[in-house]
Each structure stands twice: as C-alpha cells, then as structure tokens.
Peer 1: 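Handing you this structure, nothing more for now.
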There are 2 protein chains.
Amino acid sequence: MTGMPTSRRKTALARPHPAATDTAAVQDSPWRASRERVRDRQVKREAVIRAAAHAFNRKGYHNTSLDDIAAALEVSKPTVYYYVSNKEQLLFECFVAGIEPIRAAVRAARSPNVPARERLQTVLGHYGQAVASEFGWCMVRAEDQDLSPTMSAHIKSLKSEIDQGIRRLLREGMQDGSIQPCDPKMTAFALAGALNWIAHWYRENQSMTGAQIATAFIAIFENGLLPRTPLSPERAPGGSER
Amino acid sequence: MTGMPTSRRKTALARPHPAATDTAAVQDSPWRASRERVRDRQVKREAVIRAAAHAFNRKGYHNTSLDDIAAALEVSKPTVYYYVSNKEQLLFECFVAGIEPIRAAVRAARSPNVPARERLQTVLGHYGQAVASEFGWCMVRAEDQDLSPTMSAHIKSLKSEIDQGIRRLLREGMQDGSIQPCDPKMTAFALAGALNWIAHWYRENQSMTGAQIATAFIAIFENGLLPRTPLSPERAPGGSER
DNA sequence: TAGAATATCTACTCACCAGTATGATGCATG
DNA sequence: CATGCATCATACTGGTGAGTAGATATTCTA
C-alpha cells in the first residue's frame with residue numbers, strides 16, 4: 001500500500017515491451033514437427049539460432065531471455081543450452097550467419113577483368129540483402145559492449161575484412177577510372193553506414209526487397225546529389241545485379 | 001567443484017566488460033566541486049544526464065546500472081533518482097539533448113532565398129556534429145524496444161520531423177535545380193543512415209571533428225561515385241558551412 | 001530559532017534471468 | 001533385453017540491478 005496511484009508495477013517498468021504475442025512461436029521448429037525425437041543436431045541447432053535472431057530482432061538482445069527463445073521453440077531452456085553454450089555465443093552465431101554472405105561477396109569481387117565499380121555494385125547489393133535478412137539486425141547491432149574480448153575481437157576482424165575490401169574496390173575503381181576520386185576510408189564508412197542503417201527501418205513484408213533497396217542506394221551513391229551535366233544519357237553502364 | 005576447467009565465473013559471462021577504470025568519474029560534477037550542498041537543481045540534473053550519456057556511450061544502456069552513474073558522480077543511487085524518475089527517462093533526456101540541435105537546424109532551413117542544396121548542407125553539417133557529440137550515441141541508439149510505448153512514440157515523432165525536413169529539402173532542391181532528381185525517401189534514408197552510423201565508429205580525440213566528417217560525407221554524397229565529366233571545374237559552388 | 005522544504009544517505013525489497021544439478025526418457029546396438 | 005548414449009525436462013542457485021522506505025542532514029523562512 002504505497003499510496004501514490006502512479007504506475008507502480010516494477011515489472012512493467014523493467015520490461016517496457018510486454019508485447020502482445022510474446023511467445024510468438026517460430027514458424028518451423030524441428031521439435032513441433034513431430035513429437036518423437038528427431039536426431040539431427042545440426043538442423044535443431046540452426047533452428048535455435050534462427051529463433052534467437054527472430055527474438056533479438058523484435059525485442060533486442062538484452063530484452064530477450066533464453067526462456068523466451070526456448071518458449072518460441074516450445075522446448076525448455078536446458079534444451080537450448082544443449083545446442084549452444086551461452087547467450088553470447090547465440091548472438092555471435094547470428095552475427096556470423098548475417099555477415100558470411102557479405103564476406104563471400106567481397107572475396108568473389110577480386111576478379112580484375114571487370115571494372116571495379118561494377119564489382120563494388122555487386123558487393124553492395126549483397127551487403128544490402130544481408131542487412132535486410134533475418135540476421136541483419138544481429139549483424140549490425142552485435143555490440144562490442146555485450147561481448148567478451150575474444151568474441152569482440154573476432155567480430156571486429158570480420159567487419160574489418162569487409163571494410164578493407166570495400167576500400168580496395170574504391171581504390172581500384174579510381175585507378176581504372178570507373179570511380180570518381182574520393183577518400184576511400186570516408187567513402188567506405190558512408191556506404192557501410194547507409195547500408196547498415198537499413199536494419200533499423202526495414203521490416204519484412206515491406207514494399208521493397210533488400211536487393212531493391214540496395215539497388216536504389218547504389219544509384220544514389222553513384223549519381224550524387226549534384227546535378228549532372230545532361231550529356232551522359234546512360235548513367236549506370238553496368239547491369240545491376242539481379 | 002564442477003569439474004570442467006572451461007570458463008565458469010558466472011559474473012564474467014554476465015558482464016563481459018568489466019572495463020579497467022569502470023567508475024571513471026566525470027570531469028565536472030557539481031557535487032565534487034564543493035562539499036557543501038549547492039542549491040541548483042537544474043545544474044545537477046544536467047550533470048546527471050551528462051554522466052548517463054557518458055556511461056551509455058562507453059558501456060551501452062543495458063550494461064550501465066544507475067549505481068554506475070551515481071558512482072561516476074560520487075553520489076548514491078537515490079540521489080540520482082531525486083533528479084530523474086527512472087532509467088528510461090534518463091535515456092530519453094539524452095536522446096532529446098542529442099537531437100535538439102538537429103531539429104533547430106531543420107527549422108532554420110526554411111528560408112527559401114537560398115538554394116535548397118546549400119540549406120541541406122547546413123542541416124547535414126549540424127546533423128553530423130550532433131551524432132559525433134557526447135549525446136550522439138544515445139540519440140542514435142535509443143531503441144524502441146527499451147522504451148515505453150509513450151516514450152517510443154515521442155521519439156519516433158521527433159525523428160520523423162527531421163526525416164520529413166530532409167525529404168522536403170531534397171524535393172525543393174529538385175525543383176530549384178540544385179539537386180539531381182532522385183527518390184527523396186530513399187535518399188533521406190541513405191543520408192541519415194550514413195550520418196547516424198558515425199556514432200558507431202567515431203570516438204573523440206580522433207583526427208577529425210564531427211563537422212569535418214560531415215563535410216566529407218556531404219562531398220561524397222554530392223559528387224557521387226560515378227566520374228563526372230571533367231568540364232565543371234567547380235564541383236561544389238556553395239560554400240561549405242563553417 | 002522552530003519548523004518547513006530541500007537534498008542526500010543507508011539499507012533494503014523483489015523480480016528477473018543466466019546458467020546448472022540432477023534425473024528421466026527414448027533410441028540404437030550388441 | 002541390457003547397456004550406453006543422446007536428448008530433454010523440472011527445479012533449482014546465485015547474482016544483479018531497478019526502484020523504494022525511511023532516516024538524516026542542511027538550508028531557507030517566518
């Protein structure tokens with residue numbers, strides 16, 4: 001009987017987001033599929049990762065408990081711990097799942113028989129798609145501050161790999177004449193920032209797909225805001241990916 | 001005596017960032033200034049906000065306890081609660097402190113006697129400075145998921161105000177011919193994303209100031225990656241702000 | 001100088017949650 | 001069908017941290 005009628009409910013304050021359908025089950029759970037125990041560790045492990053990504057997307061890392069994830073899969077918490085060693089690793093796995101396609105694209109962009117700007121287009125296209133994927137949020141938001149030094153270092157190096165790849169493409173583009181002279185470091189930051197931010201506003205079932213957004217962004221970055229002299233009718237000679 | 005020598009230490013897992021100088025005191029605390037009680041509620045309140053921003057910057061919102069903030073100010077937790085009602089409000093105040101200068105810049109950019117691209121330059125300049133400021137992190141990272149519906153809606157409307165302002169400048173720029181035809185919505189997202197992301201990599205005492213970074217970004221966005229026909233010797237006719 | 005208002009502290013409560021101890025249940029295989 | 005392994009659950013621990021109760025000290029005011 002504290003008196004004041006102002007909103008008490010410690011719980012309500014601590015969890016600002018009780019969110020209607022909280023235990024919103026994941027669409028496909030290897031457990032719900034059949035009641036008898038399926039022996040496929042890898043499939044289940046990936047289902048756990050995916051469920052975690054889903055929950056992190058909606059409620060954020062810190063507002064998601066492992067009980068939430070377990071509930072979404074309709075299993076108990078120890079089951080989750082049977083497939084991953086702890087919460088941090090769960091975030092890390094989501095991060096890797098999100099960033100891997102980008103790394104692949106960067107590695108594939110080494111072929112020097114294509115103008116660097118076109119190769120950059122391809123990389124940025126995959127980048128945008130990855131950020132808009134189900135793991136995009138985790139990839140973008142995996143914070144230093146929530147990870148052990150080891151994991152943090154690992155993540156940093158993966159991110160750096162991509163950053164360096166983009167800078168290299170920019171430099172190569174300046175050399176082969178397909179890209180306007182610019183500061184590769186700052187330009188890479190601007191590009192990555194614009195694309196990363198997609199994770200903050202993009203939601204599935206939106207009008208545009210990740211690839212379409214990436215294409216639009218590439219056009220913006222290529223053309224620039226400054227009006228171009230209207231004597232180059234073809235603005236993007238290379239075919240956009242997809 | 002659990003057996004396995006694998007890393008136990010529940011605490012170490014839960015707080016991955018014990019960070020050497022954790023209770024790193026804030027430079028200027030109205031409390032440390034003089035031991036007798038100063039009667040200046042507003043000054044102290046602002047000191048609390050600033051200390052919170054500092055802590056959030058370094059450790060993130062969820063890894064910062066109100067005890068941390070109190071310790072940084074060399075007071076006790078109830079003292080902090082004497083100036084703010086709860087942790088959420090603390091985040092909100094930091095957000096507002098960060099975003100206010102941008103809103104001011106957007107409002108000031110209504111004067112129609114200057115080309116819209118130049119007005120946009122000014123807005124983006126202030127934007128970049130704000131993101132690189134001590135409140136930048138809080139402004140950019142104030143998550144929906146950590147806020148009550150009321151606060152969340154409030155923040156959304158403030159953000160939207162800026163977004164709409166940028167889109168309007170883009171449209172005006174297309175009309176007055178100072179800006180290349182483009183999709184204002186996507187372009188505003190790209191601009192805001194690139195600038196917001198500054199908060200993720202910028203640290204003070206870096207070689208560039210926030211304003212300098214903003215200037216560099218504006219140049220990148222204006223020129224575009226596509227080489228320009230080398231017949232326009234002056235690339236940015238408008239003087240850069242500052 | 002007596003009270004009132006302001007400012008601050010010590011010492012709690014209580015919910016939440018990561019992670020675990022322990023044991024049960026099914027499955028394969030000899 | 002016994003044994004060992006894989007899989008999963010119940011029920012717990014221990015620690016953390018938001019927020020508070022209630023007392024105390026200091027300053028203002030009448």
Side-chain angles (χ1 to χ4, degrees), chain A residues 1-4 6-18 22 29-32 34-45 47-48 52 55 59 61-71 73-91 146 148, chain B residues 1-4 6-18 29-31 34-45 47-48 52 55 59 61-71 73-91 146 148:
Chain A
M1 201 64 64
T2 49
M4 318 164 110
T6 55
S7 75
R8 290 296 153 115
R9 291 292 106 212
K10 197 173 283 185
T11 312
L13 289 174
R15 313 184 103 230
H17 212 215
D22 204 30
S29 163
W31 287 274
R32 259 202 310 302
S34 63
R35 273 296 62 149
E36 74 265 10
R37 292 182 182 164
V38 183
R39 288 175 96 82
D40 197 337
R41 199 152 207 288
Q42 197 52 34
V43 168
K44 292 190 183 176
R45 192 181 138 89
V48 170
K59 313 202 299 176
Y61 179 68
H62 289 282
N63 296 321
T64 299
S65 73
L66 286 191
D67 278 310
D68 291 339
I69 296 170
L73 292 165
E74 288 183 353
V75 296
S76 67
K77 184 164 57 174
T79 301
V80 173
Y81 274 96
Y82 183 69
Y83 291 98
V84 295
S85 59
N86 54 40
K87 193 180 178 183
E88 183 192 2
Q89 198 201 1
L90 217 36
L91 178 59
D146 302 328
S148 66
Chain B
M1 190 76 51
T2 49
M4 315 165 113
T6 54
S7 75
R8 289 298 155 114
R9 290 293 106 207
K10 197 174 284 185
T11 311
L13 290 174
R15 315 186 100 227
H17 213 214
S29 163
W31 286 273
S34 63
R35 274 295 64 150
E36 74 266 10
R37 292 184 182 162
V38 183
R39 287 177 97 81
D40 197 337
R41 198 152 206 288
Q42 198 52 34
V43 168
K44 291 190 184 174
R45 192 181 139 88
V48 170
K59 315 202 298 177
Y61 179 68
H62 287 282
N63 296 322
T64 299
S65 73
L66 287 191
D67 278 311
D68 291 338
I69 296 170
L73 292 166
E74 289 182 353
V75 296
S76 66
K77 184 164 57 172
T79 300
V80 173
Y81 275 97
Y82 184 68
Y83 291 98
V84 295
S85 59
N86 54 39
K87 193 180 179 185
E88 183 191 2
Q89 197 201 0
L90 217 37
L91 178 58
D146 302 329
S148 67

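Note that this is a predicted model, so its numbers are computed, not measured.
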Peer 1: Mind calculating the distance between NZ (B:Lys77) and P (C:dT13) to the nearest angstrom?
Peer 2: 14 Å

Peer 1: I need the CZ-P distance between B:Arg45 and C:dT6, as an integer number of Å.
Peer 2: 16 Å

Peer 1: Using a heavy-atom cut-off of 4.0 Å across all strands, would you classify A:Ser76 as base, sugar-phosphate, or nothing?
Peer 2: base

Peer 1: Taking the minimum atom-to-atom distance to the side chain of B:Pro78, which one of C:dC9, C:dA21, C:dA18 wins?
Peer 2: C:dC9

Peer 1: Taking only the side-chain nitrogens and oxygens of B:Tyr82, find out if one of them lies under 4.0 Å from OP1 or OP2 of C:dA7.
Peer 2: yes

Peer 1: Would the distance check show the side chain of A:Asn63 and the main-chain N or O of A:Lys59 forming a donor-acceptor pair, the cut-off being under 3.5 Å?
Peer 2: yes

Peer 1: Quick one: B:Leu66 CG to D:dA18 P, roughly how many Å, whole number?
Peer 2: 5 Å

Peer 1: Do any side-chain nitrogens or oxygens of B:Tyr83 fall under 4.0 Å of OP1 or OP2 in C:dT8?
Peer 2: yes

Peer 1: Can you tell me how far C1' of C:dA7 sits from CD of B:Gln42, to the nearest Å?
Peer 2: 16 Å

Peer 1: Can you list the residues that meet the side chain to side chain contact (heavy atoms under 4.5 Å, CB included) rule with A:Ala52, with sequence neighbours excluded?
Peer 2: A:Phe56, A:Ile69, A:Leu90, A:Cys94

Peer 1: Nearest whole Å is fine: how far is D:dT13 C1' from A:Tyr81 OH?
Peer 2: 13 Å

Peer 1: I need the NE2-P distance between B:His62 and D:dA18, as an integer number of Å.
Peer 2: 11 Å

Peer 1: Nearest to the side chain of A:Ser65, which nucleotide is it out of D:dT7, C:dA18, D:dA18?
Peer 2: C:dA18

Peer 1: Send over the distance from A:Leu73 CG to D:dT7 P, rounded to a whole Å.
Peer 2: 16 Å

Peer 1: If you check the B:Lys44 side chain, which of D:dA11, C:dT8, C:dG19 turns out closest?
Peer 2: C:dT8

Peer 1: Suppose we screen for side chain to side chain donor-acceptor pair (under 3.5 Å). Which residues come up paired with A:Thr79, at least two apart in sequence or across chains?
Peer 2: A:Ser76

Peer 1: Could you give the CG-to-P distance, from B:Asp67 to C:dC9, as a whole number of Å?
Peer 2: 12 Å

Peer 1: Side chains of B:His62 and B:Asp146: any donor to acceptor distance under 3.5 Å?
Peer 2: yes

Peer 1: Strictly distance-based, threshold 3.5 Å: is any side-chain N or O of B:Lys77 a donor or acceptor partner for the main-chain N or O of B:Ser65?
Peer 2: no

Peer 1: For the side chain of B:Arg41, starting at C-beta, report the closest nucleotide among D:dA6, C:dA7, D:dA18.
Peer 2: C:dA7

Peer 1: For a quick check of understanding: with a heavy-atom distance under 4.0 Å over all strands, which category does B:Thr64 fall into, base, sugar-phosphate or nothing?
Peer 2: sugar-phosphate

Peer 1: If you check the B:Lys87 side chain, which of D:dT20, D:dA9, D:dA18 turns out closest?
Peer 2: D:dA18

